[in-house]
Amino acid sequence: MAQKKLSPEGEVLAAHMAATRAAFQVLISCLQRNGTLERGEYQEMLSAYMESVKSTGDPMMLALMDDLRRSLLD
C-alpha cells in the first residue's frame, strides 16, 4: 500500500513526532534501567492524564499524546 505524499507542514510534524518519540523512548529506557520507572508505568499515567483532561483538553493535543502513548507501548 503506497503512502500519501505529505505536505511540507506534514513532513515537519512527522519529523517532530518521530524525534519526540525517540527522545521519550531513550528517557523511559534510562529511567527503567535505574529502577526509577516501572515497565508500562509512563504509558499508564499518560492514559490517566488524558482521561482526566478529555473534556477540557485540545483534541489535537490529545490525539498527539495518544499517538505518543501507543508508540511507546512495550
Side-chain angles (χ1 to χ4, degrees):
M1 183 174 183
Q3 290 184 338
K4 292 182 180 179
K5 176 89 169 118
L6 294 175
S7 67
E9 294 85 1
E11 289 180 10
V12 169
L13 181 57
H16 184 270
M17 281 304 294
T20 300
R21 184 179 310 116
F24 272 99
Q25 286 173 332
V26 169
L27 176 62
I28 289 168
S29 177
C30 289
L31 291 172
Q32 287 174 343
R33 193 174 309 127
N34 72 22
T36 305
L37 189 67
E38 296 294 324
R39 209 170 225 4
E41 185 178 9
Y42 174 78
Q43 295 84 343
E44 184 179 313
M45 294 308 297
L46 186 56
S47 292
Y49 173 79
M50 290 169 57
E51 278 300 314
S52 73
V53 299
K54 191 180 260 183
S55 62
T56 59
D58 172 33
M60 181 62 78
M61 177 198 69
L62 289 170
L64 291 171
M65 290 176 76
D66 187 56
D67 180 58
L68 178 62
R69 183 190 62 79
R70 289 173 189 257
S71 71
L72 296 172
L73 291 174
D74 294 328

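Just the heavy atoms: all of them, side chains too, but no hydrogens, waters or symmetry mates, feed the values below. We count residues from 1, following the sequence as given. None of the values given here were measured: they were computed from a predicted structure.
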Side-chain (Ser29) to main-chain (Val26) donor-acceptor, under 3.5 angstrom: no
hydrophobic_cluster_shared for Leu68 and Tyr49, side chain cutoff 4.5 Å: yes
Non-hydrogen atoms of Glu41 and Glu38 that approach each other most closely: OE1-N, 2.8 Å
Pairwise side-chain contact, Leu64 with Met61, heavy-atom cut-off 4.5 Å (strictly under): no
Connected via hydrophobic side-chain network under 4.5 Å: Val12 and Met17: no
Basic-acidic side-chain contact under 4.0 Å: Asp67, Arg70: no
Nearest heavy atoms of Arg69 and Ser47, plus distance in Å: CD-OG, 2.7 Å
Glu11: partners by side-chain contact (heavy atoms from CB on, under 4.5 Å), with sequence neighbours left out: Lys5, Leu6
Thr20 side-chain N/O to His16 backbone N/O, donor-acceptor pair under 3.5 Å: yes
Closest heavy-atom pair and its distance - Met65, Leu46: CE-CD1, 3.2 Å
Atom pair CE/CG of Met60 and Leu13 - distance to nearest 0.5 Å: 7.5 Å
Transitive ILVMFWY side-chain link Leu72 to Leu27, under 4.5 Å: yes
